[in-house]
2 protein chains.
Amino acid sequence: MRQTRKPPTMADVARVAGVSPMTVSRAFKDGSSVSEATRTAIHQAAEELGYVFDSTASNLRSQRTGFVAVSIPSLNNANFAETVGGLSDTLKDHGLQILLGYTNYDIHAEEQLIEQLLQRRPEAIVVTGGRHTPRARKLLENAAIPVVETWDLPRAPIGHVVGFSNEAAVRAMVEHFVARGLSKIAFIGGDADRDTRGTDRRNGFILAMKAYGLDTGRLIAAGVPPISMREGANAMGRLLEEMPDTEAVICVSDLSAFGALTECQRRGVPVPERISIAGFGDYEIAGISVPSLTTINPHPRQIGERAAGIIIEALGGKTISRQTIAIAPVLQIRGSSV
Amino acid sequence: MRQTRKPPTMADVARVAGVSPMTVSRAFKDGSSVSEATRTAIHQAAEELGYVFDSTASNLRSQRTGFVAVSIPSLNNANFAETVGGLSDTLKDHGLQILLGYTNYDIHAEEQLIEQLLQRRPEAIVVTGGRHTPRARKLLENAAIPVVETWDLPRAPIGHVVGFSNEAAVRAMVEHFVARGLSKIAFIGGDADRDTRGTDRRNGFILAMKAYGLDTGRLIAAGVPPISMREGANAMGRLLEEMPDTEAVICVSDLSAFGALTECQRRGVPVPERISIAGFGDYEIAGISVPSLTTINPHPRQIGERAAGIIIEALGGKTISRQTIAIAPVLQIRGSSV
DNA sequence: TTGAAAGCGCTAACAA
DNA sequence: TTGTTAGCGCTTTCAA
């Protein structure tokens, strides 16, 4: 038996099964009316030929790809991975597949990514955050598919939103510290505006401190976002040296908070007795480290699930109105704060 | 100006620009011969109409999708994220885009995923590990595209391989401990055979211990893989209670090793004085925790980059022979071991 | 339940 | 440099 060079098509399967290509097409979609005998014969023929269904042709003809495009800042982040997991698991039951890309926290890279993703003709698109280049905004607006912005509550949403206020979440943390009688509070985060959620958190810190009439000068810029454990440790070192009377520190993420904690341990600074530490994200490490880390849980998986829910509804036929779902982040008080 | 319901096509752009659709097609591929004036006019027309190139049609006609399919066990794993990052960053310079899916460490889910991915007509496929269902194997063999198995050195490779021996890596760790005079060595890992790399590591442990004539009875099964920090901590608790004379423990990953470390800290068991701990993966936490963790660095990003290199070469025209690239994992001796 | 005809939007192949 | 023709492999639509 000579193997043909080109992979078999439905026409080949049809020939072997003795039916028309259209019947083969139907046999591969469940729910369409094909007699059981015919269906079995077709699948057998397909198996024999090693036929693999070709989505690219199906997609073009039916004008449906089954893709949902997703843009996240970084692959290597447990929180975003959870959101993608929630999206993917919910969408896959509806025959939708994630087309994933990442931006390295760069909105110009995001613009390029969005353009690339849209060329694949996704049926919906999920982006992280609410700040985009003007062209990226325009691309999303013109795409004529459901758009969901996540992890943020943008002032002027493009379409749907599933997120939370990073500012408000950090404000709640400041309030927690103030209520425990702490006032010399620092913030460790990345430089500048690359990570817009990080910037929002820092702004939330500054606004909350101002609201209490407290000094907002204890800001440690720890490098290019996303800052990680190492940068958190370095930043804590600088904080302890430059402002040794600091009573509490809020870190832009749990990873930097854990780094900060280890630096305290290395220097023999007791946590939380000498200084309280808080993170953001409720990563697994926050519940495991000794002491465990006070943090904020933004329910990343739920963000993905709710976004998927909106998409499924929107693709369900009836045009739905724009939705904004506010997720409520939960303050997790643990051993690293008094 | 009335907006048409359907998105504009190349034909629409061609009409506005006063050229043929073919010229529009050329104007969107750089490298093809179109006069500068024509190209500018076409791009202007496209911008005006809000035209977005349609890959689905291009893919079908040219029989090239630009996809490289990638299957990993879990999204939420920094090591695999690194491999995907290495793949993605290397491939994107060659106009190739990752189509990513995950299996939750289940080879039956992998089979389904591979089938789905192949229907998208990727130009190459990268899978994690060398153990697959028979049908998955067959699908990969028949796909007539480059196949790369990673993170393992399969005995009977399907195509190319970029990986390392998990067994040998753990053997090296056992040798390290034995050389330091430790002999009561335990292994903490997940249950059974779900995570094949975890199983390989456990086997490597058992074989190495046997080679030294040491007791292989200190095996703690910590739950369904992938085990994480919490399970590592629980397992360490059991180990300390059931076999308190244990001198060293090798964990299937750094995450469980960190959990184990924290359990020791909670119980006041000094590490490494009373017990040495080692992990696997060289995650960031291994270098940051106090004490830092002895571990094995399998160079996950390099795995991705080398896999991408093979793919680029294989798609470059000349049919290349099967390659097996053995990555050399590096033992990182740190504070958690004597 | 099954089939025939047409075409989704682009580009390979060839021609001018 | 530009255009014409045909067709990638499916599925929509209509008919039997």
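We name chains A, B, ... by the order of the sequence lines, and we start the count at 1 in each one.
For D:dC10, neither phosphate oxygen OP1 nor OP2 lies less than 4.0 angstrom from any side-chain nitrogen or oxygen of A:S62. Taking only side-chain nitrogens and oxygens, B:T23 never comes nearer than 4.0 Å to OP1 or OP2 of D:dT2. Taking side-chain N and O atoms only, B:K6 has no distance below 4.0 Å to OP1 or OP2 of C:dC8. The side chain of B:Y51 places no N or O atom within less than 4.0 Å of a non-bridging phosphate oxygen (OP1 or OP2) of C:dG9.
Taking every side-chain heavy atom of A:V19 into account, C:dG3 is the closest of C:dG3, D:dG3, C:dT1. The nucleotide whose nearest atom lies closest to any side-chain atom of B:M22 is, among C:dT2, D:dT2, C:dA13, C:dA13. Proximity note for B:R61 (side chain, C-beta onward) versus C:dG3, C:dT2, D:dC8: the nearest is D:dC8. In the set D:dG3, D:dC10, C:dG3, the nucleotide with an atom closest to the side chain of A:S20 is C:dG3. When distances are taken from the side chain of A:A57 to each of C:dT2, C:dC10, D:dC10, the shortest belongs to D:dC10. Residue B:V34 places its side chain closer to D:dT2 than to any other of D:dC8, D:dT11, D:dT2. Distances from the side chain of B:S58 to the nucleotides C:dC10, D:dT11, D:dT1 place C:dC10 closest.
A distance-only check finds a donor-acceptor pair linking the side chain of A:E149 to the backbone of A:I158 [under 3.5 Å]. Checking side-chain atoms of B:T65 against main-chain N and O of B:R121 turns up a donor-acceptor pair under 3.5 Å.
Nucleic acid contact class of A:S33 (heavy atoms, under 4.0 Å, all strands): base.
Take the nearest nucleotide of DNA chain D for B:L60 and for A:P21: the residue whose nucleotide is more 5' is B:L60. Nearest-nucleotide positions on DNA chain C for A:T38 and A:Q63 put A:T38 closer to the 5' end.
At whole-Å resolution of the value, CG in B:D54 and P in C:dC8 are 12 Å apart. As rounded to whole Å, 4 Å separates atom P of D:dT11 from atom CE of A:M10. Between the CG atom of A:D12 and the C1' atom of D:dC10 there is a distance of 13 Å, given to the nearest Å. We find that NZ of A:K29 is positioned 17 Å from P of C:dT1, with the value rounded to whole Å. Rounded to a whole Å, the CZ atom of A:R64 is 14 Å from the C1' atom of D:dT12. The separation between B:Q119 atom CD and D:dT11 atom P is 11 Å, rounded to whole Å.
Atom CG of residue B:D106 and atom CG of residue B:D195 lie 12.0 Å apart, to the nearest 0.5 angstrom. Taken to the nearest 0.5 Å, the OG1 atom of A:T128 stands 6.5 Å off from the CD1 atom of A:I72.
When all heavy atoms of B:S55 and A:R120 are compared, the closest pair comes out as OG-N, 4.0 Å.
Between A:E47 and B:K138 there is a salt bridge, since a side-chain N of the basic residue sits under 4.0 Å from a carboxylate O of the acidic one.
One can find a donor-acceptor pair under 3.5 Å joining the base of C:dG3 and the side-chain atoms of A:R26.
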